Amino acid sequence: MNDTASSAPVAKKIPYERTHHGHTFVDNYEWMRDKESPEVIAHLEAENDWTNAQTSQLEPLQESIFEEIRTRIKETDMSVPTRRGNYWYYSRTKAGLDYGISVRAPISEAADWTPPEVGEEPLPGEEVIFDSNTAAEGQEFFSLGTFSLTDDGRYLLFGVDNSGDERYTIRMRDLSTGEDLPDTVEGTFAGASIDPTGRYFFYTTVDEAWRPEKVWRHVVGTDSSDDVCIFHEPDERFFVGSGFSRSRKYMFIVTGSKTTTGFWSLESEDLEAAPQAVWPRVDGVEYSVEHAVIAGEDRFLITHNQERADFDIIDVPVSDPAGTARETADASDDPRAIADPESIGRPLLDDVDGLRIEDVDAFADFIVISYRRGGFARVGIIELDRREQATSVEQLASSGTSNPDDTASPYGRLQELPFSRETGTLGFAGNPEFTQTSIRLLFTSMSTPAVIYQHSVADGTDTILKRQPVLGSVDLDRYSESLIWARAEDGTQIPISLVYRTDLVALAPGSTASATDGRPQDAAPVDPAPLVLYGYGSYEMSMDPHFSVSRLSLLDRGVVFAIAHVRGGGEMGRHWYDQGKTSAKKNTFTDFISAGRHLVAQGWTRPEKLVASGGSAGGLLMGAVTNMAPDLFAGVSAEVPFVDALTSILMPELPLTVIEWEEWGDPLHDEHVYEYMRSYSPYENVAEVDHPKVLAVTSLNDTRVLYVEPAKWVARLREVGADALLKTEMVAGHGGASGRYDSWKETAFDFAWILDVLKRADVEIEA
């Protein structure tokens with residue numbers, strides 16, 4: 001127990017009974033849910049005052065870390081230009097300004113796909129099309145949720161959120177004059193889009209539970225009261241969105257739950273027509289649609305999991321994408337049945353063993369496939385001008401020949417693109433034009449700053465366009481990374497990515513350096529080191545190894561940073577996700593604990609030197625491991641933590657709840673789910689034991705994880721004597737502060753708190 005907790009704000013108790021399935025839970029802090037209550041606001045402000053007082057001695061360290069971050073990041077910088085139509089589009093940042101400035105310059109040669117080098121001086125003809133700093137003037141919060149252009153570049157549709165609640169006001173700007181048109185729509189969801197000609201724009205609105213449910217068509221130049229709802233999704237399990245294909249020939253409307261998707265299409269030439277279903281929507285079948293032109297014919301590329309959990313890709317005719325599915329539906333007991341995909345279209349790949357296919361992108365002359373192999377993100381290309389049978393990635397090294405028995409396949413061999421580190425992440429980045437002849441890629445790893453390069457599809461050459469700048473006296477050779485594996489409770493091997501200062505780590509006896517880059521892959525610190533272990537593990541989101549400039553402030557002080565790739569994420573394929581959701585959710589928590597214990601057992605760290613970190617659903621992970629293994633961690637940093645999970649999932653009127661039932665289960669209607677969630681929900685399982693120090697950071701206007709969850713959790717932790725701090729951003733959303741300088745300050749605060757926890761545990765931290 002911690003004596004200092006007795007001086008912290010004490011939340012009053014008002015017993016509130018919640019009864020489900022014969023079980024009653026008494027919640028003493030549910031009164032904090034009333035966001036409009038002056039008493040609630042006063043309590044949150046008192047918590048902020050307490051946190052400020054408890055961390056005031058860290059202000060010099062926090063300021064030092066902030067200055068390290070600021071001086072290592074190139075404040076006045078520019079992005080690599082991306083071609084769209086007859087312009088190069090890019091952004092500039094300037095020292096002292098929080099937000100980027102969107103600019104463009106005309107393209108001089110129609111055949112030019114090589115972006116110009118951009119310096120601090122404007123390019124010839126450069127013009128500012130949107131300055132977020134100007135738009136944010138006088139606002140405590142600013143977020144740009146829509147940025148959509150017509151093909152000719154004349155009109156810009158943009159959406160702004162000034163509170164953090166993710167409700168946007170969209171406007172339209174005539175870039176030829178710089179003036180905004182009268183067209184304005186308030187209270188929309190993110191992701192509106194303008195049609196290629198500028199005649200219409202489309203946007204989405206939400207229901208009372210903040211679920212995007214309707215797609216609207218607005219005729220430019222008319223009042224928004226005349227807008228037409230072209231699609232309504234009444235099923236509360238589904239989110240709705242819309243957008244145009246890369247070719248701009250089709251508009252898609254998509255509905256998605258956690259396990260099921262549906263697509264509808266409209267031709268851009270007739271956007272007042274009724275949307276047409278691409279495939280019948282079937283529970284448990286997920287698919288996505290991309291428009292391609294194959295041998296002169298319009299085709300839809302469909303990535304689906306109807307028969308393979310890790311997805312297949314087929315192409316189908318746009319004129320009849322469901323094919324025999326309609327006949328099957330007529331004869332089936334299930335009116336939404338889909339026929340065998342192989343009877344509808346052609347497979348792009350014959351052999352997909354070992355691949356988790358994630359996305360497909362079509363261009364005029366080639367197709368790009370994004371996938372995971374061995375846990376890492378990779379990219380491959382299929383050229384359309386070859387008539388060879390597609391092969392698996394494992395056969396790429398061999399020359400191969402086309403299949404003489406298959407003359408119908410228009411696909412070339414899938415070519416896996418090169419990467420510089422086996423443990424790095426290769427991703428698809430910024431490729432909006434259908435007719436482009438090269439693709440832009442991004443590579444990064446735990447110790448490699450991001451590299452943006454252009455890959456020429458025709459000749460296979462690569463051109464580096466930009467390396468993530470790291471300023472100051474930073475020696476990147478000073479840092480190394482490793483991939484190790486921990487054994488989970490059920491025997492599953494859990495990957496852990498680590499980055500550290502090279503001088504702290506020695507090659508383990510009998511091990512060899514990695515053939516990829518010559519750095520040690522089987523390594524451990526000479527002495528147990530202070531270590532931050534990060535985790536997420538939900539929604540099939542992969543926490544890929546990546547470089548962070550701000551993280552250097554920890555590494556330079558001798559701290560090792562690790563990512564536990566726990567189940568519930570998507571790193572190792574769909575099964576990795578399935579084994580960390582609903583009735584298997586506890587695997588996420590026990591995997592993280594196993595990762596921590598493995599790091600201790602292998603000499604990487606000790607419990608008094610170990611801090612856990614995670615946010616949002618990863619904050620649920622933080623709360624769960626705090627209860628399940630409190631002696632394993634010296635501290636727990638939880639950002640916008642989902643720690644009152646059962647209460648929230650029992651309330652279908654809350655944002656996101658119903659759609660979340662496919663991720664967590666439905667405790668409202670299923671007693672077994674209720675009991676399972678009750679067994680791990682952090683708020684309900686706080687016990688009177690010694691806890692690690694806890695920092696919970698939240699935002700008052702967060703609509704994804706409401707502020708009330710960490711507020712209640714901290715109050716409950718204080719009841720049992722835990723040293724827990726609550727920090728609430730009073731004007732912010734789920735992502736925290738919006739300006740880059742405030743964001744860096746938040747990171748500096750978190751790092752200073754982590755370093756203080758380690759120092760208080762008598763861990764030697766270098767200055």
Side-chain angles (χ1 to χ4, degrees), residues 1-5 8 51 54-55 57-58 61-62 65 486 496 498-501 504 524-525 527-535 551 553-564 589 592-615 618-619 621-639 641 643 682 686-697 710 713-714 717-718 720-727 747-767:
M1 305 297 175
N2 192 293
D3 293 336
T4 63
T51 296
Q54 290 297 101
T55 59
Q57 80 281 2
L58 301 179
L61 176 59
Q62 181 180 347
I65 296 173
I496 307 171
L498 302 104
V499 61
Y500 43 83
R501 224 174 58 202
L504 300 179
D527 296 305
L531 190 146
V532 174
L533 181 61
Y534 173 84
R551 191 190 294 149
S553 292
L554 291 177
L555 303 184
D556 287 348
R557 289 172 171 84
V559 178
V560 176
F561 187 89
I563 301 173
F589 316 139
F592 190 86
I593 292 169
S594 295
R597 287 178 174 155
H598 180 80
L599 291 166
V600 170
Q602 296 299 309
W604 281 94
T605 190
R606 294 199 300 264
E608 64 270 23
K609 296 185 175 188
L610 180 57
V611 173
S613 176
L621 170 60
M622 295 300 100
V625 301
T626 298
N627 292 335
M628 297 169 68
D631 58 337
L632 183 59
F633 308 100
V636 172
S637 172
E639 300 276 342
V643 283
V686 173
E688 294 197 20
V689 297
D690 287 338
H691 284 78
K693 293 179 174 61
V694 172
L695 172 64
V697 177
W713 183 49
V714 167
L717 286 168
R718 293 253 182 79
V720 299
D723 184 350
L725 298 177
L726 176 67
K727 183 174 184 286
T747 299
F749 177 86
D750 182 52
F751 284 2
W753 180 84
I754 288 172
L755 293 169
D756 184 61
V757 167
L758 294 169
K759 283 185 177 179
R760 291 190 185 193
D762 296 325
V763 174
E764 184 177 348
I765 299 293
E766 299 179 32

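This one's a predicted model, so the numbers in the text were calculated from it and none came from an experiment.
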Exercise. Between I65 and L755, is any pair of side-chain heavy atoms under 4.5 Å apart?
Worked result: yes

Seminar exercise, completed: Contacts of R551 meeting salt bridge (Lys or Arg N to Asp or Glu O under 4.0 Å) (sequence neighbours excluded), chain-then-number -> none

Problem set entry | Flag side-chain contact, heavy atom, 4.5 Å: L61 against R557 | yes

Problem set entry | Beyond-backbone contact of P710 with L726, side-chain heavy atoms, under 4.5 angstrom | yes

For this session: Output the distance between atom CD1 (I593) and atom CE (M628), rounded to the nearest 0.5 Å.
Result: 4.0 Å

Exercise. Got a sec, which residues hit side chain to side chain contact (heavy atoms under 4.5 Å, CB included) with L58, two or more places apart in sequence or on another chain?
Worked result: T55, A752, D756

Seminar exercise, completed: Sorted by chain and number, sequence neighbours left out, ring-ring contact (aromatic ring centres under 6.0 Å, His included) with W604 holds for Y500

For this session: Could you pull out the closest heavy-atom pair between W753 and K693, with the gap in Å?
Result: CH2-O, 3.5 Å

For this session: Provide the closest heavy-atom pair for P682 versus W713 in the form atom of the first, atom of the second, distance.
Result: CB-NE1, 4.3 Å

Exercise. R501 and L555: which non-hydrogen atoms are nearest, and at how many Å?
Worked result: CD-O, 3.7 Å

Problem set entry | CD1 on I754 to CG on L695, rounded to 0.5 Å | 8.0 Å

Problem set entry | Atom pair CD1/OG of I563 and S613 - distance to nearest 0.5 Å | 10.5 Å

Seminar exercise, completed: When rounded to the nearest 0.5 Å, the distance separating CZ of R606 from CG of L632 is 13.5 Å

Seminar exercise, completed: In D723, D631, V720, the residue satisfying side chain to side chain contact (heavy atoms under 4.5 Å, CB included) with H691 is V720

Exercise. Going by heavy atoms in the side chains, are F751 and V559 under 4.5 Å from each other?
Worked result: no

Exercise. What are the two closest heavy atoms between P530 and L758, and how far apart are they?
Worked result: CB-CD1, 3.7 Å

Problem set entry | Close side-chain approach of V714 and L725, heavy atoms under 4.5 Å | no

Problem set entry | Heavy-atom pair of closest approach, residues P641 and V697 | CD-O, 3.7 Å

Exercise. So do the side chains of T626 and P692 get within less than 4.5 Å of each other, counting heavy atoms only?
Worked result: yes

Problem set entry | Residues that T605 engages under side chain to side chain contact (heavy atoms under 4.5 Å, CB included), provided they are two or more places apart | L531, L599, V600, K609, L610

For this session: Could I get the full list of side chain to side chain contact (heavy atoms under 4.5 Å, CB included) partners for A612, not counting sequence neighbours?
Result: F592, M622, F633, V636

Problem set entry | F589: partners by ring-ring contact (aromatic ring centres under 6.0 Å, His included), with sequence neighbours left out | Y680

Problem set entry | Non-hydrogen atoms of P630 and V689 that approach each other most closely | CG-CG2, 4.0 Å

